[in-house]
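The next block holds one structure in the form of structure tokens; read it before the comments.
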Amino acid sequence: MKQAKAQIRADELRRLIEHHNYSYYVLDDPEVPDAEYDRLMRELEGIESEHPELVSPASPTQRVSGTPQEGFETVRHRVPMLSLGNAFSDEEVADFERRIEQGLERQNIIFAAEPKLDGVAISLTYHDGLLTRAATRGDGEQGEDVTSNVRTIRAVPLELRGDDWPSLLEVRGEIYMPRAGFDAFNRKALERDEKPLVNPRNGAAGSLRQLDPQLTAKRPLAFFAYSTATRDGLPDTQFDSLHRLRDWGFPVNPEIRRVEGVSGCLEYHRRISALRPTLGYDIDGVVYKVDRFDQQAILGFISKAPRWALAHKFPAEEEMTRLLDIDIQVGRTGALTPVARLEPVFVGGVTVTNATLHNEDEIRRKDIRVGDWVVVRRAGDVIPEVARVIHQRRETELPEFQMPETCPECGSAVERVEGEAVARCTGALICPAQIKHGIRHFATRKAMDIEGLGDKLVDQLVELGLVNTVADLYRLEHEQLSSMERMGGKSAENLLKALEASKKPGLDRLLYALGIREVGEVTAHSLAAHFKSMQALQEASEETLIEVSDVGPIVASHVAAFFQQEKNLRVIQALSDAGVEWQPLEENVGEQPLAGETWVLTGALSMPRIQAKNLLEALGAKVTGSVSAKTSTLLAGEAAGSKLTKAQKLGVKVISESDFVEYLETQGVEIS
Ligand code: 5U1
């Protein structure tokens, strides 16, 4: 390509690439797929290698440049990088506001509120619109020059957009590692047997300290700007200034808001706390800043922290504690899960005493031993886990964890199938833990929906030997049930009614209820729709099973194995002998009188709800839980409440239970 033409195309490509960078990192609204972006980059690289004279430091191809360094130079910040005062309670936020009101002699203060990123603070200097220096915070006065590394982060503009920026601009913000990037990076590291990153914050800090920028370039880092060293060229408030920074090409957190007074601050804190698990990056609190710069100037500083800003922290998601023991829990399928017993620790807003250890391999990978100091993590509502061990605090040799060779519940042998992470108890027939889990699952709402069969009752029935299989439930008598702890005559009677009402399940529900490994509701439905009868399913080979939609080789092998076991066939026969009659899914949907209709049940019905639901489903209706414009009919029992009001408002047809029974009779449906 001729030089003049090359120059024009190179400029055009740079503009396009910068535009896509801005759409992606600042607007969070990518216009083109990654492949198109990569194509533009490759084209620009091609032109620049043919015409090296066209290369400039601000070219997007020059993000990774220079050779590995010996170390980082110490640099002095022109304006010190401040720290923030912390608050952990609503009262401390109220005190902060009171101090500001006194200092400014006014009320109803407006704050700019922002999420507080859990990353690494950075200061970026731009001369005449070009990035010239990136420095870490260090002690606030002096930091390290990490320019070569920061240049590799695509969210950091090398050149500013627009033309109204000051000739010297110093932007402060946080470099962080998004959760998705952290997870993907660690997955790859583990595949290659390399050391994973401890957490996203450490990942970001470590990445910035790489001596070879090529390595930093491979780390998934991002950036949010939150302030500037000086106010030149900026509007009069924090909120507007951040928008100006955004115009100049800096990513700014989209959750930044103006709020009024302590109540506005606290409401913001609550909202961001609820959003926290969905944000895609780690935050450890929110920051409130007096919005007006003139008010900030009046308030000034106290030591190195401004009086006009406050970090309102969330309860820590990670805390340290002692691992007291490792217990083994046995699940429904016999899976043995190691559970950490911990010295109680307050983490993620609750006191945690148990945490999952996942499986034996995880324990080995993290080298977790009883007696260790461990870091417990509880993020949002996720089950607490032992994230890692603080190996430096292990003072004496501690024994390695060993998975027991026999089941702690029943003494049967434990086996671990080659290639599986999970160890299992082989005593399915006799293991009380597995029997109890299986019965609880059988009774759940989406399975046989047997109301009144609580966990404690199941424990007693199994421990007393009254129930060994799900079929035994249907042989229970009033006298036996009413003599159980915390069961009166009335509860026993209700449970027997619920058992009776559950005797006509759809084949799909029964298949789900049997707890066949890997068979959830959807697969159970597909199997029932395909095979139509239990007999056909029992006789199906793995090859035939794979023909069913959403059944793969693993599910097929579990289903086939289930029906090959004599004891399972005996349970199915016993269910039938006890009067359980599973119903095939209706074939001719068109002939079902309620096909295509959606019904909702509400209020107290004299027939068990599950019976009404089964009857409706047998007639082709779908039964859902909430009323909407799509609802065809609301079946309203006694004392119906908000669902009835809503149905009336939406003009949805409402019928009483007696009308329903009458209708059933016209359809020749027998009600037992
Ligand atoms: N979001 C945000 N984080 N953060 C950290 N704003 C913010 N401001 C800071 C710090 C240290 O300091 C200001 C006082 C400039």
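Since the structure is predicted, the reported quantities are computational estimates derived from the model, not experimental observations. Counting starts at 1 for both ligands and their atoms, in listed order.
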Which of the ligand 1 atoms, numbered from 1, are nearer than 4.0 Å to a heavy atom of Leu82: 11 (C)

Distance flag, aromatic centroids of His243 and Phe239, threshold under 6.0 Å: yes

What is the nearest protein non-hydrogen atom to [atom], stated with its residue, atom name and distance?
atom	answer
atom 15 (C) of ligand 1	Ser227 OG, 3.5 Å
atom 1 (N) of ligand 1	Glu114 OE1, 2.8 Å
atom 9 (C) of ligand 1	Tyr226 CE1, 3.4 Å

Test: Glu318 and Arg378 ion pair at under 4.0 Å: no

Lys NZ or Arg CZ of Arg393 over Trp373 ring: under 6.0 Å, within 45°: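 The answer is yes, since Arg393 meets both limits relative to Trp373.
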
Evaluation steps, salt bridge (charged side-chain N to carboxylate O under 4.0 Å, His left out), between Arg137 and Glu174: CA-CA 10 Å; Arg137 179 175 184 280; Glu174 202 89 353; over 6 Å; no

Contact check, Pro306 vs ligand 1, heavy-atom distance below 4.0 Å: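 Yes.
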
contact_flag Pro115 ligand 1 heavy-atom lt 4.0 Å: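 For ligand 1, residue contact (heavy atoms, under 4.0 Å) with Pro115 is present.
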
Parallel, tilted or perpendicular: rings of Tyr268 and Tyr288 (30°, 60°):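 The arrangement is perpendicular - the two ring planes meet at more than 60°.
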
From the candidates Glu255, Lys289, Lys304, the one that places a heavy atom nearest atom 6 (N) of ligand 1: Lys289

Pair His77-Glu170, side-chain donor/acceptor within less than 3.5 Å: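 The answer is no; no qualifying pair exists.
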
